[in-house]
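Below is one structure, written out as structure tokens; comments come after it.
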Amino acid sequence: MSKEIKIKLSSYDHTLLDSTVKKFIDVAKKASFEIKGPIPLPTRREIWTFCRSPHVDKPAMESFERLTHKRLIVLDNGTDASLMNIKNFVVPAGVRLDIKN
């Protein structure tokens, strides 16, 4: 079975994301997949600006920012049994894992 599987990992914390990607690649290598990646995807940047004062002080603004870091891993040439090892991979809190066939 030669199916290409795309795995997208995303997190707000890039160090946690990178350590999770390393663990995931080790599991995929043990399951005898051909690995392409990790490919860094563009970081999503969200900015919110609020007035500190409820009345007149327009210059008194406060900004908040949230960065979402993403990585893409492409797996190829795996068997059904090795695919179950990948699907059972435990992702730490704070990292999102999306699998597409």
Side-chain angles (χ1 to χ4, degrees):
M1 177 174 213
S2 177
K3 254 187 180 176
E4 187 175 86
I5 301 166
K6 294 181 181 179
I7 292 136
K8 184 176 169 184
L9 295 130
S10 58
S11 176
Y12 300 129
D13 183 11
H14 67 92
T15 55
L16 178 64
L17 180 64
D18 290 337
S19 66
T20 304
V21 166
K22 285 180 185 178
K23 290 177 188 175
F24 188 84
I25 288 176
D26 290 340
V27 169
K29 283 182 182 177
K30 288 179 185 175
S32 69
F33 276 103
E34 289 182 16
I35 302 166
K36 298 175 190 170
I39 302 164
L41 298 175
T43 301
R44 181 177 180 190
R45 184 177 179 202
E46 297 172 278
I47 300 173
W48 297 277
T49 304
F50 297 102
C51 281
R52 283 189 206 168
S53 170
H55 302 293
V56 246
D57 294 326
K58 178 70 175 172
M61 304 283 281
E62 191 167 3
S63 294
F64 297 96
E65 178 182 54
R66 180 171 66 185
L67 300 174
T68 305
H69 304 277
K70 296 174 267 186
R71 304 288 184 270
L72 178 69
I73 301 171
V74 180
L75 303 177
D76 203 8
N77 294 337
T79 62
D80 289 335
S82 60
L83 183 61
M84 291 307 293
N85 289 340
I86 295 299
K87 287 188 176 181
N88 292 333
F89 181 72
V90 178
V91 181
V95 177
R96 180 177 176 174
L97 175 82
D98 295 325
I99 300 175
K100 291 186 181 181
N101 291 345

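The analysis underlying the following values was restricted to heavy atoms, covering all of them including side chains, and did not include hydrogens, waters or symmetry mates. Numbers here are sequence positions counted from 1. Not measured: the values here are computed from a predicted model.
Note: the hydrophobic cluster containing I5 also contains V21 (ILVMFWY, side chain heavy atoms under 4.5 Å, direct or indirect links). With hydrophobic clusters built from ILVMFWY side chains whose heavy atoms lie under 4.5 angstrom apart, L16 shares a cluster with V27. Hydrophobic clustering (side-chain heavy atoms under 4.5 Å, transitive across Ile, Leu, Val, Met, Phe, Trp, Tyr) keeps V74 apart from I25. Residues L41 and L75 do not share a hydrophobic cluster, defined by chaining ILVMFWY side chains whose heavy atoms lie under 4.5 Å apart.
Of the inter-residue distances, the one linking K8 atom NZ with L72 atom CG reads 8.5 Å to the nearest 0.5 angstrom. One finds the OG1 atom of T49 at 10.5 Å from the CD atom of E65 (value rounded to the nearest 0.5 Å). If you take CD1 on I99 and CG on L9, they are separated by 9.0 Å, rounding to the nearest 0.5 Å.
Here the side chains of F24 and I35 are not in contact, with every heavy-atom distance at 4.5 Å or above. Side-chain atoms of E46 and T68, non-hydrogen and from C-beta on, do get closer than 4.5 Å to each other. Taking the side chain as every heavy atom from C-beta outward, D18 and R71 approach each other to under 4.5 Å. The side-chain heavy atoms of L97 and V95, taken from C-beta on, include no pair separated by under 4.5 Å. Using a 4.5 Å heavy-atom threshold, the side chains of T43 and H14 count as separate.
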When you look at R96 and D98, which way does the salt bridge (Lys or Arg N to Asp or Glu O under 4.0 Å) test go after all the steps? CA-CA 7 Å; R96 180 177 176 174; D98 295 325; 3.3 Å; yes

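Annotation for M61 and C51: closest pair SD-SG, 3.3 Å, computed over non-hydrogen atoms. Closest non-hydrogen pair, G94 versus S11, comes out as O-OG, 2.8 Å. Minimum interatomic distance between Y12 and H69 (heavy atoms only, all atoms of both residues): O-CD2, 3.5 Å.
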